[in-house]
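In the text below, chain A, chain B and the rest are named by the order of the sequence lines, each starting its count at 1.
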Amino acid sequence: AQSVTQLGSHVSVSEGALVLLRCNYSSSVPPYLFWYVQYPNQGLQLLLKYTSAATLVKGINGFEAEFKKSETSFHLTKPSAHMSDAAEYFCAVSDQDGGTSYGKLTFGQGTILTVHP
Amino acid sequence: DTGVSQDPRHKITKRGQNVTFRCDPISEHNRLYWYRQTLGQGPEFLTYFQNEAQLEKSRLLSDRFSAERPKGSFSTLEIQRTEQGDSAMYLCASSGRGHGLLRAFFGQGTRLTVV
């Protein structure tokens, strides 16, 4: 069974400060990992994904995440927060090729990011 | 716009009534997923289709829930005898073949309120 734990349901930063959203996963098979963003009353938009190529993954809007197998982590970072980054962020896991859950996502509980002027 | 569309966006219903939601995926996508998201939680998988075949159902999908994708295109999710606990956002997503499976596109969701 797969699971995702997002540490901190709320994170608050000042505009221009570093954003760090934490995600740890549990998977019995090599995983694919994802970060999604959700704005109020909207669907989810893919920020970035790890698919077993480079461990440092760059995504849209200046976000990046690093896959660390030894720590079972996939934390999301952005060097300088912008007001428009305020949203809810979800980490998710899926099986790699051949896994029974390939393509099916298991999500964490989400982290709400607030950006102060 | 050729993204995933869901209808209706909002639905308020009385407890005990039946409701049906529709999802139109991106046209060339063969996989279609339904997720449920309650307040303060991440989306939870309900079921998915590959073309018209329903390949997996979560245990969250009680016998009051049924989903169809009759021609491998749009899908419907029906909830019979709604309960207050069914109040949630119902999200639909679709993805393509091969590694396109890893790029799920989500609709804006249908928010159900059971009163």
**Message:** Assess whether a salt bridge exists between B:Arg64 and B:Glu83, defined as any Lys/Arg side-chain N lying under 4.0 Å from an Asp/Glu carboxylate O.
**Reply:** yes
**Lys/Arg N to Asp/Glu carboxylate O, A:Lys58 vs A:Glu64, below 4.0 Å** = yes
**Request:** Could you tell me which portion of B:Gln6 (side chain, backbone, both or neither) has an atom closer than 4.5 angstrom to a non-hydrogen atom of chain A?
**Result:** neither
**Complete:** Residues joined to B:Phe74 in its hydrophobic cluster, side chain to side chain under 4.5 Å directly or through other members, sorted by chain and number, are none
**Request:** Could you check which of A:Gln45, A:Gln6, A:Gln109, A:Glu88 has the highest count of heavy-atom pairs closer than 4.5 Å to chain B?
**Result:** A:Gln109
**Prompt:** Side chains of A:His116 and A:Ser12: donor-acceptor distance under 3.5 Å anywhere?
**Reply:** yes
**Request:** Could you look at A:Gln38 and say if it's the side chain, the backbone, both or neither that has a heavy atom under 4.5 Å from chain B?
**Result:** side chain
**Item:** Top contributor to chain A contacts, counting heavy-atom pairs under 4.5 Å, from B:Met89, B:Gln41, B:Arg9
**Value:** B:Gln41
**Message:** Counting only non-hydrogen atoms closer than 4.5 Å, does B:Tyr35 touch chain A with its backbone (N, CA, C, O), its side chain (CB onward), both, or neither?
**Reply:** side chain
**Message:** I'd like to know if the side chain of B:Ser94 reaches the main chain of B:Arg31, judged simply by a donor and an acceptor atom lying under 3.5 Å from each other, with no hydrogens or angles considered.
**Reply:** no
